[in-house]
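This report concerns only the one structure given below.
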Amino acid sequence: MNSVDDLCDLIRAILADTSAPADVDIEPQTALLVSGLLDSLTIMRIATRIEETAGVAFPESEVVAANFRTPQTLWALVETLRAEKSAVTR
Amino acid sequence: MTLDRLLTDTAGLHPGRPALSDGSTALTYSELDHEVADVAAALIAHGVRRGDHVGVLAPKGADAVRAIHAALRAGAVAAPLDPTDPAERVERMAHTAGLGFLVVAGPVPAGFVDRSAPLGHGLRLAVAHGHTPARTPDGGYMLFTSGSTGWPKGVLLSHENVLHFVRWTVEEFGVGPDDRIGSQAALTFDLSTFDLFAAAMTGACAVLLPDVLKNFPRDVVTWLAEERISLFYAVPTLYQSLLRGGIETTPLPRLRVLAFAGEAFPVGPLERYVRLFPHSRFYNLYGPTETNVCTFERIPWNWTAAEPLSIGHALPGLRVELVDENGVAGPEGEIAVSGPAVFRGYLQDGVLRPRLATITCGKERLTAYLTGDLGVRDAEGRIHLRGRRDHQVKRRGHRIELGDIESVVQELPAVRACAAVWRPDIVDGGEIWLHLVCDDAEPEAVVRAVHEALPRRMAPDHVVVTAELPLTNRGKIDREALASTAT
């Protein structure tokens, strides 16, 4: 996963498997929390898929509304987690 | 007494105290009372009459609460609806409940026409079109069956039905004007009647959890602390998620009453809670939407997971009996409820259909609602749940209670949550599937532990290890969804 657009693809694919309305398009600035788009199951799936595809651990302390507001805020977190990881391994 | 009088009386006694807060709007009792009066006047001006059924289709927040109080003040039956439900479901619910009017914040569902009647606060009034509205001259409150099988039915409650429960909570919990009630349940869920009306009865503040936080346990814990919540009523699944959200490391000195209902609280996590809040009171409440809470047990401070958890005794003023197939009361059987909490009936296709049975207790005959839940009374007269009448399955000649499988599996150290479901669709004779979430353990090891812990006749045919169990819109484990997962 290399960009916020890849992350939007990932969220779109997960939502396609849920009962979320099909007409919602996921853009970097789409508000993910206002319309009840993400239930707790979907949130966990997104966190798990990010761990698998971005190669970072998604700590439970980061599963907070502020990080899931938009794909952009979530992408900012992924970049932070990656930076922390490379700082540790270095 | 009626539900709408509570707010007016309290506004007279405590005009300046905080009444309602949703994270963006905060109102005193005087402010809320005036705004409710304005909305009620607008409803009446646009044609709402005493006894009409008025739906409130708005996100949980100050606007929805204001509209519910206003519908009650207009003498109507108030019916909270959930705008995140699929449109078709909302339309069916509105139709079956005979809603003549709908207060909407967003789009108007089919079957209603927008009156372009602004009610203030971004709300508008829509009028039924194409179906005959129902009327209940005494007014009341409408909730819905969960409708996990089939479409939801309207559950018509009288003012007294709701007040019976609310009065008891106020007395038992000692609710007062200094309390802050943390409201997390959807307004469509009977738990929220405590949040709204115990506050209105006493001058406490109803603090609504912002919807955007509800699926983030860590945020809910922070909210409990920052909002200084003193009373909290939620389903066990939510309490368990807060253990993962850091509730054990967050000081919550104000939280003095923790009540739960809706499903069984696994004993391990409950013991962690009881130890965590040694000075707080814990209540296990039980009752279907049709009677609201009808039994309760206060959990002793020194309770441990080694002791079975009961649902306790009947609320004062109610009779709760355990009846056999002929409606005769005894030490065990189906839970039957009689008294002022029992609902008036279901609304189906706009018609009120009472659903009452006659039961026999010794020489006495009582009119009661049969819950479908099974119970047994212990030596102290406390009732212990024994599952649903329809959760008992028969496999290869053995009668098996799915709840018994779950209680055994739930006690395995690695298991965070589980649900056993019946799959008659897989093979002839049916299979039991166990869905479970485990903490950082090898799935194979957990499956092995499941089979070691259960007697062979109760062993699941299939174990599905998953990241999270699906939840209903009431926050409980969605068993119907699990029972229809793809194979």
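Proteins get letters first, then strands, A, B, ... in listed order; numbering begins at 1 in each. Here the structure is a predicted model, which means the values were calculated and not measured.
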> Where is the tightest heavy-atom contact between B:R218 and A:E60, given as atom of each residue plus distance?
Replying inline: NE-O, 3.7 Å

> Should we say atom CZ of B:R244 is surrounded by more than 12 heavy atoms from elsewhere, each under 6.0 Å from it?
Replying inline: yes

> Roughly how far apart are A:M44 CE and B:T466 OG1, rounded to 0.5 Å?
Replying inline: 10.0 Å

>> How about CZ on A:R49, more than 12 heavy atoms from neighbouring residues, nucleotides or ligands closer than 6.0 Å, or not?
In response: no

> Do you know which of A:L32, A:V63, A:L33, A:V64 has the most heavy-atom pairs under 4.5 Å to chain B?
Replying inline: A:V64

> What distance do B:D478 atom CG and A:L41 atom CG have between them, rounded to the nearest 0.5 Å?
Replying inline: 10.0 Å

>> Does any backbone or side-chain atom of A:T42 lie under 4.5 Å from a heavy atom of chain B? Answer side chain, backbone, both or neither.
In response: neither

>> Counting only heavy atoms from other residues, nucleotides and ligands, does the tally under 6.0 Å from CZ of B:R275 exceed 12?
In response: no

> What part of A:L38 is in contact with chain B, defined as an atom under 4.5 angstrom from a non-hydrogen atom: side chain, backbone, both or neither?
Replying inline: backbone

> What closest approach, in Å, do B:V212 and A:A65 show between heavy atoms, and which atom pair accounts for it?
Replying inline: O-CB, 3.7 Å

